Structure formats: C-alpha cells, structure tokens
K.L.:
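One structure follows; several queries about it will come next.
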Amino acid sequence: MDYKQLARQLVFLLQGETDQVAILANTAALLMTELENVSWAGFYLEKEGELILGPFQGKPACIHIPLGKGVCGTAFVTQETLRVPDVHAFSGHIACDSESASEIVIPLSNRSGKLIGVMDLDSKKPDRFSEDDQAGLEMLAVALREFL
Ligand code: SME
C-alpha cells in the first residue's frame with residue numbers, strides 16, 4: 001500500500017473541513033475503501049474517562065471501552081500503537097466481531113497534541129498488519145491530527 005498517496009488523498013478530502021464527525025467518518029470510509037482485507041475501520045474517542053465509539057465502517061461494535069482495557073484502551077493509556085497479529089492470543093481483547101483475527105490500534109491526538117482517542121482497524125486475516133502498515137497508519141494519524 002502506498003500510504004504517502006493515501007495521506008495525500010486524505011488531506012485533499014478534508015481540506016478546509018472542521019467538523020469532527022465528518023472528518024472522522026470520511027477517514028474511516030477512505031481506510032475501508034482503499035485497504036485490502038480490513039473488516040472494520042474507525043475511531044474511539046475519550047469522553048469522561050472512557051472510550052466511546054466514534055465514526056466507523058464495518059459491523060456494529062461495542063460502544064464503551066474502559067481506559068486500559070482491550071487493545072483500544074491499552075493503546076490509549078500507553079500512547080503507543082498496538083499491533084496484534086492474533087487477537088485470540090491478546091489477553092483482554094474485546095471481541096466485537098468473533099470473526100476478527102488481527103487488529104491494529106493507533107493513538108490519535110489533535111493538533112494541540114492532546115490525546116483524544118484511537119484509530120482502530122480489524123481484519124479477518126491473521127497477521128494482516130505489517131510494520132509497514134503500522135508506519136503508514138501512524139503517518140496518516142499525523143496527517144489527520146491537523147484537522148482535529
Ligand atoms: N477489539 C477492540 C474493540 C473494538 S473492535 O475491534 C471494533 C479491543 O479489544 O479494544
């Protein structure tokens with residue numbers, strides 16, 4: 001995947017926009033449209049001490065995730081990307097979709113540098129997300145934060 005090109009597409013798509021729901025919804029749609037073997041792409045946002053489901057594409061998902069729980073809550077509190085090649089081997093994984101096999105969660109900050117939530121991608125394919133995907137998705141999160 002050419003993530004630099006994807007980042008350019010994202011910036012083009014979001015140019016001049018300020019509405020957070022619209023921005024995150026279109027980002028989720030772009031991820032789902034452009035990336036292969038992704039079954040769920042979206043966001044969880046921190047609100048009053050927990051993560052709440054934000055804009056996404058894919059099957060309906062859990063709405064509340066406690067900070068520090070699951071892949072999302074862990075990536076949020078550690079402020080580090082979590083790449084999980086086999087979700088069944090990750091103790092504490094929250095299974096929203098029993099068919100999900102691998103997952104990557106990237107912490108998301110706004111342009112002031114405040115941590116606001118996470119970007120989450122799931123796949124039915126084991127070990128779907130490589131180190132290159134991680135680097136590319138982290139670059140996208142950096143491009144995205146200028147709009148948040
Ligand atoms: N599996 C995640 C929950 C969110 S869903 O994947 C959409 C977790 O363990 O945090």
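What you see is a predicted model; the values in this text were computed from it and never measured. Atoms considered below: every heavy atom in the structure, side chains included; atoms not considered: hydrogens, waters and symmetry mates. Whatever order the structure lists them in is the order used to number ligands and atoms, beginning at 1.
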K.L.:
Got Leu53 and Phe43 here, is their nearest side-chain heavy-atom distance under 4.5 Å?
P.N.:
no
K.L.:
If we set the cut-off at 4.0 Å for heavy atoms, which region of Asp120 has an atom near ligand 1: side chain, backbone, both, or neither?
P.N.:
side chain
K.L.:
With a cut-off of 4.0 Å, which atoms of ligand 1 are near a heavy atom of His93?
P.N.:
1 (N), 9 (O)
K.L.:
Backbone N or O of Ser102 within a donor-acceptor pair of the Ser123 side chain at under 3.5 Å?
P.N.:
no
K.L.:
If you measure every N/O of Ile94 against every N/O of ligand 1, is any gap under 3.5 Å?
P.N.:
yes
K.L.:
Is a donor from one side chain sitting under 3.5 angstrom from an acceptor on the other, for Asp133 and Tyr3?
P.N.:
yes
K.L.:
Would you check the N or O atoms of Gly92, main chain and side chain alike, for any that come under 3.5 Å of an N or O of ligand 1?
P.N.:
no
K.L.:
Would you say Arg83's side chain and Phe129's backbone share a donor-acceptor pair under 3.5 angstrom?
P.N.:
yes
K.L.:
Would Lys69 count as a polar contact of ligand 1, with the cut-off being nitrogen or oxygen pairs under 3.5 Å?
P.N.:
no
K.L.:
Within a reach of under 6.0 Å around CD of Glu131, are more than 12 heavy atoms found that belong to other residues, nucleotides or ligands?
P.N.:
no
K.L.:
Quick one: nearest non-hydrogen protein atom to atom 2 (C) of ligand 1, plus distance?
P.N.:
Glu103 OE2, 3.1 Å
K.L.:
Run the numbers for me: atoms of ligand 1, each under 4.0 Å from some heavy atom of Trp40, listed by number.
P.N.:
7 (C)
K.L.:
If you measure from each non-hydrogen atom of Val71 to ligand 1, which part falls under 4.0 Å: side chain, backbone, both or neither?
P.N.:
both
K.L.:
Return yes if a side-chain donor-acceptor contact under 3.5 Å exists between Asp97 and Ser100, otherwise no.
P.N.:
no
K.L.:
For atom 10 (O) of ligand 1, what's the nearest protein heavy atom and its distance?
P.N.:
Cys72 N, 2.8 Å
K.L.:
Can you name the atoms of ligand 1, numbered from 1 with element, that are less than 4.0 Å from a heavy atom of Gly70?
P.N.:
9 (O), 10 (O)
K.L.:
Pairing donors with acceptors under 3.5 angstrom, does anything connect the side chains of Ser39 and Glu99?
P.N.:
no
K.L.:
Counting only heavy atoms closer than 4.0 Å, does ligand 1 sit against the backbone of Cys96, its side chain, both, or neither?
P.N.:
side chain
K.L.:
If you measure every N or O of Asp122 against every N or O of ligand 1, does any of those distances drop under 3.5 Å?
P.N.:
yes
K.L.:
Ligand 1 and Tyr44, any nitrogen or oxygen pair closer than 3.5 angstrom?
P.N.:
no
K.L.:
Parallel, tilted or perpendicular for His93 and His88, by the 30°/60° rule?
P.N.:
perpendicular
K.L.:
Just let me know how Ile65 lines up against ligand 1, side chain, backbone, both or neither, with a heavy-atom cut-off below 4.0 Å.
P.N.:
side chain
K.L.:
Looking at Ile63, I want to see if its CD1 is surrounded by more than 12 non-hydrogen atoms of other residues, nucleotides or ligands under 6.0 Å.
P.N.:
no
